[in-house]
Colleague: 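Got a structure for you, written out below as structure tokens; questions coming shortly.
Keep in mind the model is a prediction, meaning the values are calculated, not measured.
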Amino acid sequence: MEDPNLPLPSSASPASPAAPDAPPSAAEAAPIAAGVPRLGPPRGASRSTRDPSKTHPSYVFLAVVSVLTLGSDIGSKLWAEHRLETYPPFNPIWQTHLTFTLARNRGGAWGLLQGASENVRRPFFLLVSVAAITFIVTLYRRLQPRQRALKWGLPLVLGGALGNVFDRIRYGWVIDFIDYKAEWVRKMNDLVGRAFGGPKTIPTDHWPTFNVADVAICVGVALMAIDMFTAKRGRVHAITGMSLPPSASLPPPGSERTSESKT
């Protein structure tokens with residue numbers, strides 16, 4: 001009769017833990033010191049840690065904000081076409097500073113290429129719009145989780161650009177209907193006229209007529225500028241995803257193992 005206190009033979013020993021999916025590298029298998037083996041990873045543990053800075057932003061957010069901006073622009077333009085065509089063109093809103101008046105802008109901002117041929121104007125603005133949309137989508141793919149201002153700014157610019165592109169494809173011009181005038185606008189136009197030495201004309205107090213798409217583009221560009229000047233471009237922690245101070249830096253790969261092997 002066998003003694004229960006005797007050790008079991010090697011063939012009857014409990015099953016050893018399952019080997020990891022991938023064999024350990026030479027650096028991982030190297031002992032910490034002479035005669036001191038390195039412990040392996042626990043069962044089920046991952047050998048690599050996901051870097052939160054490499055996660056892609058949600059395209060659903062980009063699509064939702066852009067579509068809402070586009071829908072608001074198209075809806076307001078349809079209202080302006082039907083409402084301001086049959087009613088008096090000037091509809092005072094705020095102490096004669098803000099009015100609604102229907103305008104068809106064949107050019108760009110501040111009347112850019114207003115007098116150019118249609119064969120030149122339309123392809124030019126379409127190509128510029130396609131390039132801007134491509135740039136926005138490409139830049140959105142590279143967003144970091146901490147870039148919240150840019151996350152909102154890019155969809156607003158995209159929705160506004162799509163709204164104006166829709167007008168150029170459908171009509172050949174852009175529908176504007178928001179007219180703003182103020183004394184500071186007249187002073188600014190007077191200052192610009194003197195600086196560039198243009199023809200002697202009476203400066204106007206009217207800001208160029210714009211639409212909802214232009215408002216979205218301006219707000220989006222402002223958010224992009226805020227991100228440019230305030231976002232910390234330092235490295236982020238691989239586990240927490242938090243920004244590291246400019247003076248801090250992550251150790252190079254393998255430096256921890258080298259220091260441990262010297263102890």
Colleague: Checking Q147 against Y140: is there a side-chain donor and acceptor pair closer than 3.5 Å?
Modeller: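 No, Q147 and Y140 have no side-chain donor paired with an acceptor closer than 3.5 Å.
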Colleague: Check whether H97 reaches the backbone of A182 with its side chain - one donor and one acceptor, N or O, closer than 3.5 Å.
Modeller: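 No, H97 side chain to A182 backbone: no donor-acceptor pair under 3.5 Å.
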Colleague: May I ask you to check if K77 and F177 form a cation-pi contact, with NZ or CZ under 6.0 angstrom from the six-membered ring centre and within 45° of the axis?
Modeller: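 No, K77 and F177 do not form such a contact.
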Colleague: Return the orientation label for the W184 and W207 ring planes: parallel under 30°, perpendicular over 60°, tilted otherwise.
Modeller: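 Aromatic pair W184/W207 classed tilted.
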Colleague: If you take all heavy atoms of L62 and P155, which pair is closest and at what distance?
Modeller: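 Reported closest heavy-atom pair: CD1-CG, 3.7 Å.
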Colleague: Can you tell if the side chain of I133 reaches within under 4.5 Å of the side chain of L158, non-hydrogen atoms only?
Modeller: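 Side-chain contact under 4.5 Å: yes.
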Colleague: Roughly how far, to the nearest 0.5 Å, is CZ of R104 from CG of D167?
Modeller: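 Interatomic distance, D167 CG to R104 CZ, rounded to 0.5 Å: 10.5 Å.
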Colleague: How long is the gap from CD1 on I226 to CZ on R148, to the nearest 0.5 Å?
Modeller: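 Rounded to the nearest 0.5 Å, the CD1-CZ separation comes to 14.0 Å.
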Colleague: Check for me, please, whether F135 and V157 land in the same ILVMFWY cluster - side-chain distances under 4.5 Å, paths through other members count.
Modeller: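 Result: yes, single cluster for both.
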Colleague: F210 pairs by side chain to side chain contact (heavy atoms under 4.5 Å, CB included) with which of D179, I217, I178?
Modeller: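 Filter result, single survivor: I178.
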Colleague: Let's go through N164 and D214 carefully: what are the C-alpha distance in whole Å and the side-chain angles of both, what is the deciding distance for side chain to side chain contact (heavy atoms under 4.5 Å, CB included) to 0.1 Å, and is it a yes or a no?
Modeller: CA-CA 8 Å; N164 287 335; D214 297 332; 3.3 Å; yes
Colleague: Does the side chain of I169 reach to within under 4.5 Å of the side chain of L126, using non-hydrogen atoms?
Modeller: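 Sidechains of L126 and I169: in contact.
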Colleague: Does the side chain of L84 reach to within under 4.5 Å of the side chain of T101, using non-hydrogen atoms?
Modeller: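 Not touching, per the 4.5 Å side-chain cut-off.
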Colleague: Would you say the side chain of R186 lies within less than 4.5 Å of the side chain of T204, judging by non-hydrogen atoms?
Modeller: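 No, every pair of side-chain atoms sits at 4.5 Å or beyond.
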Colleague: Between Y59 and I136, is there shared hydrophobic-cluster membership here, with clusters defined by ILVMFWY side-chain heavy atoms closer than 4.5 Å?
Modeller: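 Looking at the clustering, I136 is in the same group as Y59.
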Colleague: For the residue pair A213 and N211, what are the closest heavy atoms and their distance?
Modeller: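 What the structure gives for the nearest pair is N-OD1, 3.1 Å.
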Colleague: In terms of hydrophobic clusters joined by side-chain contacts under 4.5 Å, are Y180 and M188 together?
Modeller: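 Yes; tracing contacts between hydrophobic side chains, which count when under 4.5 Å, links both residues.
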Colleague: Taking the side chain as every heavy atom from C-beta outward, state whether T209 and N105 have any atom pair closer than 4.5 Å.
Modeller: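 T209 does not reach N105 side chain to side chain.
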Colleague: Answer yes or no: is there a donor N or O on one side and an acceptor on the other, between the side chain of S76 and the main chain of D73, under 3.5 Å?
Modeller: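 At least one qualifying donor-acceptor pair exists.
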Colleague: When rounded to the nearest 0.5 angstrom, what is the spacing between CG in L70 and CG in L162?
Modeller: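 Going from CG on L70 over to CG on L162, the span is 6.0 Å.
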Colleague: Shared ILVMFWY cluster between F61 and L154, side chains joined below 4.5 angstrom?
Modeller: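 Yes, F61 and L154 fall within the same hydrophobic cluster.
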Colleague: May I ask whether W152 and V221 are part of the same hydrophobic cluster, defined by side-chain heavy atoms of I, L, V, M, F, W, Y residues being less than 4.5 angstrom apart, directly or through others?
Modeller: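 Same cluster: W152 reaches V221 through Ile, Leu, Val, Met, Phe, Trp or Tyr contacts under 4.5 Å.
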Colleague: How far does CD1 of I74 sit from CG of L78, to the nearest 0.5 angstrom?
Modeller: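 Reported value, rounded in 0.5 Å steps: 7.5 Å.
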Colleague: Would a 4.5 Å heavy-atom cut-off, applied to side chains only, mark L143 and L150 as touching?
Modeller: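 With C-beta onward as the side chain, the pair touches.
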